[in-house]
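Have a look at the structure below before the remarks.
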Amino acid sequence: MRAVIWTALRGKMFEGYRIVCVTPAGRRRYMKLLVPQILASGLVDRYDLWVNTDDAGDRAFMKALTRLDERVRVVPQPRGEKPSWSAIRAFFPGALDEDTIYIRLDDDVVWLEPGFFEILLRFRIANPRYFLVMPLIVNNAVCTNLLQTCGKVAPSRYVGATCMDRVGWHEPGFAVRLHRFFLDLVARDETHRLHCGPREIALNRFSINAICWFGRDMAAIGGEVRPGEEEDLSNVIPTRLGRPNCFCTDTIAAHFAFYVQRRALDKTDLLQEYAQVLSQRAELKPLLLKTTAIADEIDAREPPPVEQPFAAKPSWRAAWRKLVPRKRKKQQVPTLLEPGPLL
């Protein structure tokens, strides 16, 4: 109720814009960390959970969040499609109000830098020519390449400027080391050392773990996003419009894992470490206790589903590999990570 009164008193929440966060949702084991960071912000008018799961426990978690804060809405799949990556595109026609700025955060974004919303939004409003604006994202291959290029990190193997780089996207061990490197900066309150100003990007796909757009820009294309949502939003649409995107690296979001990393990272204590550092922030602790309690209560009834490893689509190449033995690959040397010379 307090959130509704506060919204009514302030009207449009930030420099004439309503602020709506959206998350394709949602795995509760991650969202119990993300949700408090969003709801603790007085700048957020509404939080839409785009239902993209058929797990009963995760759906129950989302429903419980609507009772926690009236800004939370559970948005059903508009086209009745089964949960999948490609199904997310169906939600964008509902994210195009012209007086609104939308911030989309993946459900496994587990840490937002203090001041995240104000810094990102001020940059967004001051730079309307960009189609998308993104924070610096920890565990995002293109952002890791950016940090490498700016001398903030020094991997032992080169991380390329490609969305699915073999190290920055694919290698689980490197993701673990990157998270631990970052958590060390968090513990020392030195995440600002990774900031490197605005960095434009064009004609290059990147992982859209955290993105921000004007509703009017989405309205201009009718909210039409193709099944290859990530390619469309990060590359095709802005290229067609003749507009770049930009990373606002003066604020940070930490993304937990890509599907090729997830099984390995879920076996670590990284989630617990992020929960621990979040619990030390006074503005987050009460909400964090509540979302954790909700998740724990649901887990007692319905254990979280075990995610299956990604299954490649059948192809003649896969069939051929089964028939024709290949030379055994040499064991890959782990990619190490050191602080960069300009950190």
Side-chain angles (χ1 to χ4, degrees), residues 1 3-4 7 13 18-39 41 44-109 132 208-219 221-233 237 255-256 259 287 290-291 294-295 297-299 301-308:
M1 189 61 191
V4 174
T7 300
M13 295 289 285
R18 295 173 68 246
I19 309 303
V20 174
C21 286
V22 304
T23 294
R27 292 161 291 195
R28 61 189 181 274
R29 67 185 185 276
Y30 307 127
M31 288 192 67
K32 66 184 180 184
L33 304 187
L34 170 63
V35 170
Q37 300 178 79
I38 294 172
L39 298 183
S41 174
V44 176
D45 283 287
R46 197 175 79 224
Y47 184 24
D48 286 356
L49 303 177
W50 293 352
V51 179
N52 194 43
T53 177
D54 54 12
D55 178 70
D58 288 337
R59 285 173 174 258
F61 178 77
M62 286 186 268
K63 186 176 180 180
L65 293 178
T66 65
R67 297 189 291 271
L68 180 64
D69 192 306
E70 292 182 345
R71 290 175 294 172
V72 179
R73 296 195 321 169
V74 176
V75 183
Q77 225 296 331
R79 299 176 188 170
E81 297 182 25
K82 292 183 178 181
S84 68
W85 293 329
S86 63
I88 297 171
R89 76 191 190 283
F91 291 96
F92 284 94
L96 41 65
D97 292 343
E98 297 204 359
D99 66 344
T100 301
I101 295 174
Y102 294 88
I103 301 173
R104 174 196 149 156
L105 299 167
D106 278 355
D107 67 352
D108 61 344
V109 168
L132 296 179
I208 53 173
N209 315 114
I211 58 176
C212 178
W213 68 90
F214 287 113
R216 62 175 181 259
D217 287 343
M218 195 62 66
I221 60 171
E224 287 298 317
V225 178
R226 297 184 305 178
E229 172 213 14
E230 186 168 87
E231 175 77 15
D232 230 29
L233 288 170
I237 293 172
H255 163 248
F256 191 68
Y259 74 86
L287 281 167
K290 290 177 182 178
T291 56
I294 293 169
E297 191 272 332
I298 293 171
D299 288 348
R301 300 194 316 263
E302 304 202 30
V306 177
E307 289 193 34
Q308 299 301 316

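It should be emphasised that the depicted structure is a prediction, and the values quoted were computed from it without experimental measurement.
One finds no salt bridge joining D69 and R67 here, because no Lys/Arg side-chain nitrogen approaches an Asp/Glu carboxylate oxygen to under 4.0 Å. Between D48 and R46 there is a salt bridge, with a side-chain nitrogen of the basic residue lying less than 4.0 Å from a carboxylate oxygen of the acidic one. Ion pairing between a basic and an acidic side chain is recognised when a charged N comes within 4.0 Å of a carboxylate O; D54 and R59 show no such pairing. Under 4.0 Å is where a charged nitrogen must lie from a carboxylate oxygen, and between R89 and E81 at least one such pair does. R18 has no carboxylate O lying under 4.0 Å from a charged side-chain N of D45, or vice versa, which leaves the two without a salt bridge.
Rounding to the nearest 0.5 angstrom, the gap separating the CE atom in M31 from the CZ atom in R27 is 10.0 Å. In this structure, CG in D58 is found 15.0 Å from NZ in K63, a value given to the nearest 0.5 Å. Atom CG of D217 is separated from atom OH of Y102 by 12.0 Å, given to the nearest 0.5 angstrom. The distance from atom NZ of K32 to atom CG of L287, rounded to the nearest 0.5 Å, is 15.0 Å. For the atom pair I19 CD1 and I101 CD1, the distance stands at 4.5 Å (nearest 0.5 Å). A distance of 10.0 Å separates CG of L49 from CG of D107, quoted to the nearest 0.5 Å.
Remark: the backbone N or O of A25 is not paired with any side-chain donor or acceptor of T23 at under 3.5 angstrom. When atom types are taken as modelled, the side chain of R104 and the backbone of C212 share no donor-acceptor pair closer than 3.5 angstrom. Without hydrogens or angle criteria, D97 side chain to D99 main chain gives no donor-acceptor distance under 3.5 Å. In this structure a side-chain-to-backbone donor-acceptor pair under 3.5 Å is missing from Y47 to E70. For N52 (side chain) and G26 (main-chain N/O), no donor-acceptor pair under 3.5 Å exists by modelled atom type. At distances below 3.5 Å, not a single donor-acceptor pair connects side-chain atoms of S86 with backbone N or O atoms of P227. Between the side chain of Q37 and the main chain of L33, a donor-acceptor pair closer than 3.5 Å is present.
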Mind running side chain to side chain contact (heavy atoms under 4.5 Å, CB included) on I88 and W50 for me, showing each step along the way? CA-CA 8 Å; I88 297 171; W50 293 352; 4.2 Å; yes
Under the side chain to side chain contact (heavy atoms under 4.5 Å, CB included) criterion, do L105 and I38 qualify, and how do the steps go? CA-CA 10 Å; L105 299 167; I38 294 172; 3.8 Å; yes
Verdict with supporting geometry, H255 and D108, side chain to side chain donor-acceptor pair (under 3.5 Å): CA-CA 6 Å; H255 163 248; D108 61 344; 3.2 Å; yes
Walk me through it: do R29 and D299 pass the test salt bridge (charged side-chain N to carboxylate O under 4.0 Å, His left out)? CA-CA 9 Å; R29 67 185 185 276; D299 288 348; over 6 Å; no
Please lay out, stage by stage, how F61 and L65 fare under the test side chain to side chain contact (heavy atoms under 4.5 Å, CB included). CA-CA 6 Å; F61 178 77; L65 293 178; 3.6 Å; yes
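Shortest non-hydrogen contact noted between G222 and L96 is C-CD2, 3.9 Å. In plain terms, the two heavy atoms of A95 and W213 that are nearest each other are O-NE1, 3.1 Å. The shortest non-hydrogen separation linking Q77 to A90 is NE2-CB, 3.5 Å. Shortest non-hydrogen contact noted between A295 and R28 is O-NE, 4.3 Å. Between A56 and E302, the shortest heavy-atom distance links the atoms CB-OE1, 3.4 Å. Across all non-hydrogen atoms, the minimal contact from I237 to I221 is CD1-CD1, 3.7 Å.
A cation-pi arrangement is present between R216 and F214, with the terminal nitrogen or guanidinium carbon under 6.0 Å from the aromatic centre and inside a 45° cone about the axis.
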